[in-house]
Amino acid sequence: DAGITQSPRHKVTETGTPVTLRCHQTENHRYMYWYRQDPGHGLRLIHYSYGVKDTDKGEVSDGYSVSRSKTEDFLLTLESATSSQTSVYFCAIGNPPDHYGYTFGSGTRLTVV
Amino acid sequence: AQSVTQPDIHITVSEGASLELRCNYSYGATPYLFWYVQSPGQGLQLLLKYFSGDTLVQGIKGFEAEFKRSQSSFNLRKPSVHWSDAAEYFCAVGGENYGGSQGNLIFGKGTKLSVKP
């Protein structure tokens, strides 16, 4: 979707290194989300944000941190990457009550070796 | 606990045949229901959504879904499947207070659709 971009699209990193994924939106939506998608698990929420500097944990937040210093940017950091964090990461945005239902980015495929 | 169940992991249908993908939910308040589609290597795209009113909702690409409160179901249907419909489909449930910890969308694990020529 043109209103939400993720970078990088692909990344290979080594175990133990920190990694930051970026989500950028041009829709001025209040809510932003980070999910990971793994076979057999569907989509699992890592962290979400409901405003600048307002964030909260999802169901699989261990090993991840987030920051949102501007409305348009939501960063996901893997503090010390592990092989179990190899996954596809999706960012999503939402803005109730004007926009129910999320808009998703195209994803970041992260491989930890 | 709030949850979404998609009983079928993988379904194969012939091109031109009808399709029904099942979704059952457990939610403590009035549910807002969604269906998303994901093509390989892509993000999720919203197909349709139900908030209130007519329980049969129409979406993009010729899809429709019917909300049945008594069965806690929101099944997705299409009368005639096209080869381009091959993808993975996700059902999701949320609430009026969506966005807070009690209202974030909860996704099912998905149903992969294959289409035979």
Side-chain angles (χ1 to χ4, degrees), chain A residues 1-7 9-10 21 23-25 27 29-51 54-61 68 74 87-109, chain B residues 1-10 21 23 25 29-53 57 59-60 63 65 74 87-112:
Chain A
D1 196 287
I4 177 171
T5 55
Q6 293 184 232
S7 59
R9 289 297 311 276
H10 302 272
L21 309 183
C23 178
H24 178 78
Q25 61 144 331
E27 305 296 320
H29 283 190
R30 179 181 172 194
Y31 290 90
M32 299 185 75
Y33 303 81
W34 278 107
Y35 285 87
R36 61 178 290 175
Q37 184 178 34
D38 304 287
H41 291 277
L43 287 161
R44 293 182 290 175
L45 182 64
I46 305 171
H47 281 279
Y48 68 98
S49 170
Y50 47 97
D54 292 322
T55 65
D56 205 350
K57 297 178 180 180
E59 67 175 298
V60 291
S61 60
R68 191 167 178 201
F74 192 34
S87 186
V88 181
Y89 291 85
F90 286 99
C91 178
I93 60 175
N95 201 43
D98 300 324
H99 179 80
Y100 281 103
Y102 301 168
T103 300
F104 282 84
S106 298
T108 294
R109 181 172 295 277
Chain B
Q2 300 163 141
S3 64
V4 176
T5 301
Q6 294 181 245
D8 304 305
I9 296 173
H10 190 186
L21 301 182
C23 173
Y25 67 89
T30 301
Y32 290 3
L33 295 155
F34 306 83
W35 274 100
Y36 290 83
V37 60
Q38 184 182 32
S39 298
Q42 302 297 313
L44 280 72
Q45 179 185 20
L46 182 65
L47 278 177
L48 49 78
K49 56 192 175 186
Y50 170 79
F51 296 150
S52 64
V57 293
I60 62 172
F63 285 91
F74 189 57
E88 191 158 19
Y89 293 80
F90 293 89
C91 181
V93 65
E96 189 174 14
N97 296 320
Y98 127 60
S101 61
Q102 297 302 311
N104 288 329
L105 292 192
I106 300 166
F107 287 84
K109 294 185 177 181
T111 297
K112 184 176 181 180

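To find a chain, count down the sequence lines: A is the first, B the second, and so on, and within it residues start at 1.
- Residue B:Gln6: no heavy atom, backbone or side chain, is found under 4.5 Å from chain A.
- Partners of B:Ala65 under the side-chain contact (heavy atoms from CB on, under 4.5 Å) rule, at least two apart in sequence or in another chain, are B:Trp35, B:Leu48, B:Val57, B:Phe74, B:Leu76.
- For the side-chain contact (heavy atoms from CB on, under 4.5 Å) with A:Met32, the lone residue among A:His47, A:His24, A:Gln25 that qualifies is A:Gln25.
- Residue contact with chain B, scored on non-hydrogen atoms closer than 4.5 Å, involves the side chain of A:Arg9 exclusively.
- Partners of A:Phe90 by ring-ring contact (aromatic ring centres under 6.0 Å, His included), not counting sequence neighbours: none found.
- In this structure, B:Phe90 has its ring center at least 6.0 angstrom away from the ring center of A:Phe104.
- Proximity to chain B is limited to the side chain of A:Gln37, based on heavy atoms less than 4.5 angstrom apart.
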